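What you see is a predicted model; the values in this text were computed from it and never measured.
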Amino acid sequence: MRISSGDTLLDRTFFVSLIVKLADGVLELIGGAVLLVMTPGQIQTAVAAVTRGELAEDPNDLVANLLVRYAGQLNVSLTFFGAWHLLAHGVVKVLLVAAVLRDHLWAYPWLIGFLVAFIGFQSYELVVHYSWGLLLLTLFDVFIVYLTVREYRRHKARRPTESGTAHVTAGT
């Protein structure tokens, strides 16, 4: 996928959204790998070290308190599940987004399908454990599905014409 001067704002937005998803996938891979090698105690110690200064400055800091609370609830099975969950998501995102960025037509429906599955899971989580962050992530994914469907249709419409033209030219 190339960005050219004739591209619309939606084309550029699609490209940037894919880069964000790619970066998200890479971060999920890193996070999953870290969770595989760290024990819950090591994670709690690291979170305490990272949040210590912020909590000393503002004991009511929402993010720091959430991190400390979630780290305190970790156990081996939850950490292991989180690691494999992040690794699976990361691998799928990185492979599919990279394929879409390389204009592999087969990857578009797969990316749409996996994003729809993620949206379904996130929607369930929104009902059970509502959070603004998850709502924004879900809306972002819905927007990416829209852009991916749009781009896929454009590529499909353009492909037969390109191959048809090449075939006619080669046959004459």
Side-chain angles (χ1 to χ4, degrees), residues 1 3 9-102 107-108 110-151:
M1 171 173 222
I3 297 290
L9 179 59
L10 279 178
D11 295 328
R12 291 183 175 143
T13 302
F14 179 61
F15 179 77
V16 170
S17 298
L18 288 177
I19 297 301
V20 169
K21 274 292 177 197
L22 184 65
D24 178 50
V26 169
L27 289 174
E28 285 180 344
L29 288 172
I30 293 168
V34 166
L35 287 179
L36 275 180
V37 299
M38 290 183 75
T39 66
Q42 290 172 322
I43 294 170
Q44 291 166 358
T45 301
V47 168
V50 168
T51 58
R52 186 175 297 121
E54 185 60 37
L55 289 173
E57 188 179 307
D58 179 9
N60 296 319
D61 185 278
L62 177 66
V63 174
N65 280 302
L66 284 174
L67 286 172
V68 169
R69 187 175 73 190
Y70 288 140
Q73 295 172 354
L74 288 177
N75 59 45
V76 173
S77 61
L78 186 59
T79 304
F80 188 72
F81 172 79
W84 287 107
H85 178 81
L86 287 173
L87 289 170
H89 273 227
V91 166
V92 167
K93 284 180 189 173
V94 167
L95 292 177
L96 289 176
V97 169
V100 167
L101 285 170
R102 292 181 175 185
Y108 286 81
W110 281 99
L111 180 60
I112 293 164
F114 276 103
L115 285 174
V116 167
F118 292 157
I119 290 166
F121 177 73
Q122 291 165 191
S123 298
Y124 167 76
E125 285 295 315
L126 277 170
V127 171
V128 176
H129 307 288
Y130 180 82
S131 77
W132 283 103
L134 187 56
L135 175 63
L136 292 174
L137 175 64
T138 304
L139 292 174
F140 179 65
D141 284 346
V142 168
F143 184 61
I144 291 178
V145 166
Y146 163 75
L147 292 175
T148 306
V149 167
R150 177 183 171 275
E151 191 69 19

Using atom types as modelled, flag every donor-acceptor pair under 3.5 Å from a side chain in residues 13-37 to any protein atom, sequence neighbours excluded.
{"residue": "T13", "atom": "OG1", "partner": "L9", "partner atom": "O", "Å": "2.7"}
{"residue": "S17", "atom": "OG", "partner": "T13", "partner atom": "O", "Å": "2.8"}
{"residue": "K21", "atom": "NZ", "partner": "D141", "partner atom": "OD1", "Å": "2.5"}
{"residue": "D24", "atom": "OD2", "partner": "K93", "partner atom": "NZ", "Å": "2.4"}
{"residue": "E28", "atom": "OE1", "partner": "G90", "partner atom": "N", "Å": "3.2"}
{"residue": "E28", "atom": "OE2", "partner": "K93", "partner atom": "NZ", "Å": "3.1"}

Acceptor/donor pairs from residues 52-61 side chains to any protein atom, 3.5 angstrom cut, sequence neighbours excluded:
{"residue": "D58", "atom": "OD1", "partner": "N60", "partner atom": "N", "Å": "3.1"}
{"residue": "D61", "atom": "OD1", "partner": "V63", "partner atom": "N", "Å": "3.2"}
{"residue": "D61", "atom": "OD1", "partner": "A64", "partner atom": "N", "Å": "2.7"}

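- In this structure Y130 satisfies the side chain to side chain contact (heavy atoms under 4.5 Å, CB included) test together with L126, W132, L135, sequence neighbours excluded.
- With sequence neighbours left out, the side chain to side chain contact (heavy atoms under 4.5 Å, CB included) criterion links Q44 to A71.
- Residues satisfying the side-chain hydrogen bond (donor to acceptor under 3.5 Å, both in side chains) test with T51, not counting sequence neighbours, are none.
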Show me the donor-acceptor pairs, under 3.5 Å and distance only, between side chains in residues 111-121 and residues at least two apart or in other chains.
none

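- Contact annotation: the side chain of V145 approaches that of V149 to within less than 4.5 Å [non-hydrogen atoms, C-beta and beyond].
- Sorted by first and then second residue, the salt bridge (Lys or Arg N to Asp or Glu O under 4.0 Å) pairs involving residues 125-138 (not counting sequence neighbours) form an empty list.
- A distance of 12.0 Å separates CG of L74 from CD of Q42, quoted to the nearest 0.5 Å.
- Scanning for side chain to side chain contact (heavy atoms under 4.5 Å, CB included) contacts around L10 gives T8, F143, Y146, L147, R150, with sequence neighbours left out.
- Pairs passing the side chain to side chain donor-acceptor pair (under 3.5 Å) check and including a residue from residues 62-84, sequence neighbours excluded, read N75-S77.
- Scored by the side chain to side chain contact (heavy atoms under 4.5 Å, CB included) test, A98 finds no partners at all (sequence neighbours excluded).
- The line from CZ of F80 to NE2 of H85 is 14.0 Å long, rounded to the nearest 0.5 Å.
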